[in-house]
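Naming convention: chains lettered A, B, ... in sequence-line order (proteins, then strands); numbering from 1 in each chain.
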2 protein chains.
Amino acid sequence: MRPRNAAATRQALLEAARDRFTRAGYEGTTLRDVAADAGVNLALIKRYFGSKEGLFKAALAASPRLLTDVPSDRAAFAEALSRQLSADTWPEFGEHPVLMLLRASGDESVTARRREALEGAAQRIVDALGPAPDALLRAELLVALGVGVAVLRSAVGVEPLSEATADDLTGPLRAIVDALMPS
Amino acid sequence: MRPRNAAATRQALLEAARDRFTRAGYEGTTLRDVAADAGVNLALIKRYFGSKEGLFKAALAASPRLLTDVPSDRAAFAEALSRQLSADTWPEFGEHPVLMLLRASGDESVTARRREALEGAAQRIVDALGPAPDALLRAELLVALGVGVAVLRSAVGVEPLSEATADDLTGPLRAIVDALMPS
DNA sequence: GGGGCGTGTCAACAGCTGATGACTTAGACT
DNA sequence: AGTCTAAGTCATCAGCTGTTGACACGCCCC
């Protein structure tokens, strides 16, 4: 029998769920897969998380938040952005964390949270880089760029974008930031 | 019984499949849903498309290709790009066509086709807007931007980006294009 | 050392899903 | 009218999925 350690079991389930949901999406992930990855009995998912939806929400809540601190210096911002898009920044993830958000279930509370997370990131960019006409729309274009890069790198595997390092991205991103949010 | 018209039945199935796959993804779509939407018996899917995977590939093959003609004039390109991102450009689609590509199954031939489609779009941008160091990487950033905008507008519903018209997008996109692909 | 509780195991069910083969019927052609 | 084929219908199957209740076991405290 598995050693009795509720916290470790819960954590193993969360990590397995994070990987599966991120890679295969909500519908494409089965609870038996998650339980097997975690080396845990299927029934324990119900005990700890109640349901598949509960497991997904818990895994989502445990995932890192993006663009929490936006530097007001444009060069520093471009660098921070390219770092958050780099795979090396998320060594414990097989794919970029934002993919789990995009591959979520259709559950209303999840889609609402997703929209708020992305709109919030755009708002933080506006707050840091200063107001302007269309500033929010332009900041959302930056968020869209980040989402698109994450998808193309992590889920699609487009070359040479997938193999680009954070340093490779900083230059072009800096040019975009300067063009979109003029001082 | 349904009037006997193989071509119309096939077409109805294709359109229903396109809608379902685009909105709910491959795993989230059931063949019974598609058949019901098309007003067609479930067994006809097997007759006309062989399997669920066959139906998906047929629906994918019938979807429009993006960025087929890239104007070499930067202003015209920015305008073409913003038009392709506008919902009005795809009145027969509920969501942006590229979402079906992203929400595909894990089938190898589909993921390969997806990568080729996106890399091809980037290559066409390079061909039109001229070579430069990093030109392909920068073009792929433009493709990533397009994918991200489609996702945020159509699947997530981020405001104000979702409500922006093609004209609203042209200005900012022009700035990005100029910054990324300097003459 | 014996309850009692938290932890893990097991077996099963009800519903759905993709797939399939046998059957029926419309419509063209002779 | 008779026949043949394409088109559509029907019932059903085997497998998987999420969920669940009953059970077994280890560990702590009195």
Side-chain angles (χ1 to χ4, degrees), chain A residues 1-61 100 103-111, chain B residues 1-60 100 103-110:
Chain A
M1 188 181 286
R2 190 185 165 74
R4 301 181 152 245
N5 186 337
T9 297
R10 223 185 113 94
Q11 188 60 27
L13 278 173
L14 272 182
E15 290 175 11
R18 185 192 63 196
D19 285 3
R20 286 278 179 179
F21 283 136
T22 304
R23 275 186 240 269
Y26 185 81
E27 284 89 1
T29 294
T30 74
L31 296 185
R32 282 169 178 80
D33 288 340
V34 174
D37 286 356
V40 152
N41 191 283
L42 168 65
L44 291 181
I45 294 179
K46 174 187 162 69
R47 185 189 296 288
Y48 289 120
F49 302 99
S51 67
K52 186 182 187 182
E53 196 69 40
L55 176 63
F56 182 85
K57 288 184 186 174
L60 193 59
M100 182 163 62
R103 289 174 171 166
S105 69
D107 183 276
E108 191 125 348
S109 75
V110 173
T111 60
Chain B
M1 190 182 284
R2 181 161 225 280
R4 295 176 160 248
N5 184 337
T9 297
R10 223 186 112 93
Q11 187 60 27
L13 278 173
L14 272 182
E15 289 176 13
R18 186 192 62 196
D19 284 3
R20 285 279 179 178
F21 283 135
T22 304
R23 274 186 241 269
Y26 185 81
E27 284 89 1
T29 295
T30 75
L31 295 185
R32 282 169 178 81
D33 288 340
V34 174
D37 286 356
V40 151
N41 191 284
L42 166 65
L44 291 180
I45 294 180
K46 174 187 162 71
R47 182 188 298 287
Y48 289 121
F49 302 99
S51 68
K52 187 182 187 182
E53 196 69 40
L55 176 63
F56 182 85
K57 288 183 186 175
L60 193 58
M100 183 166 59
R103 289 174 171 165
S105 70
D107 182 276
E108 191 126 346
S109 75
V110 173

Euclidean distance, atom [atom1] of residue [X] to atom [atom2] of [N] [Å, nearest integer]:
X     : N      : atom1 : atom2 : result
B/F21 : C/dG18 : CZ    : C1'   : 12 Å
A/D33 : D/dG18 : CG    : C1'   : 13 Å
A/I45 : D/dT17 : CD1   : C1'   : 12 Å
A/Y48 : D/dT20 : OH    : P     : 18 Å
A/L44 : D/dC25 : CG    : P     : 16 Å
B/N5  : D/dT9  : CG    : C1'   : 17 Å
B/L13 : D/dT9  : CG    : P     : 11 Å
A/F49 : D/dG18 : CZ    : P     : 15 Å

*Please report the C-alpha distance between A/K52 and A/S105 in whole Å, then the side-chain angles of each, then the deciding distance to 0.1 Å, and finally whether the side-chain hydrogen bond (donor to acceptor under 3.5 Å, both in side chains) criterion is met.*
CA-CA 10 Å; A/K52 186 182 187 182; A/S105 69; over 6 Å; no

_Just N and O in the side chain of A/T9: are any of them under 4.0 Å from OP1 or OP2 of C/dG8?_
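Yes, because at least one side-chain N or O of A/T9 sits under 4.0 Å from OP1 or OP2 of C/dG8.
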
*Are any of A/K46's side-chain N or O atoms less than 4.0 Å away from OP1 or OP2 of D/dT20?*
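For A/K46, the contact criterion (side-chain N or O under 4.0 Å from OP1 or OP2 of D/dT20) is met.
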
*How long is the span from the OG1 atom in A/T22 to the CZ atom in A/R20, to the nearest 0.5 Å?*
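Nearest 0.5 Å value for the OG1-CZ distance: 11.5 Å.
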
*asked:* Which nucleotide wins on minimum distance to the side chain of B/L31, given the candidates D/dT19, D/dG18, C/dA19?
replied: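 Given the options D/dT19, D/dG18, C/dA19, the side chain of B/L31 is closest to C/dA19.
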
_By side chain to side chain contact (heavy atoms under 4.5 Å, CB included) - contacts of A/A35 (at least two apart)_ =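 Expected list: A/L42, A/I45.
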
_Residues which pass side chain to side chain contact (heavy atoms under 4.5 Å, CB included) with B/S51, listed by chain and number, not counting sequence neighbours_ =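 So B/S51 forms a side chain to side chain contact (heavy atoms under 4.5 Å, CB included) with B/E53.
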
_With nearest nucleotide decided by heavy atoms, which residue, B/A43 or A/K52, maps closer to the 5′ end of DNA chain D?_
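This one resolves to B/A43.
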
*Determine, for nucleotides 23-30 of chain C in 5'-to-3' order, which nucleotides have protein heavy atoms under 4.0 Å from the base (write B), from only the sugar-phosphate (write S), or from neither (write -).*
--BB----

_If you assign A/N41 and A/R32 each to the DNA chain C nucleotide with the nearest heavy atom, which residue ends up on the more 5' nucleotide?_
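Closest to the 5' end, via its nearest nucleotide, is A/N41.
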
_Closest approach of B/E27 to A/E27 (non-hydrogen atoms, all atoms of both residues)_ =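 Closest approach of B/E27 to A/E27, heavy atoms only: CB-CB, 3.8 Å.
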
_Are the side chains of B/T9 and B/L44 in contact, using a 4.5 Å heavy-atom criterion?_
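SC-SC contact between B/L44 and B/T9 confirmed.
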
*Would you call A/R10 and A/F49 a side-chain contact if the rule is heavy atoms closer than 4.5 Å?*
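Counting from C-beta outward, A/R10 and A/F49 do come under 4.5 Å.
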
*Scan A/L42 against the nucleic acid and name what it touches under 4.0 Å (heavy atoms): base, sugar-phosphate only, or nothing.*
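Result for A/L42 = base.
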
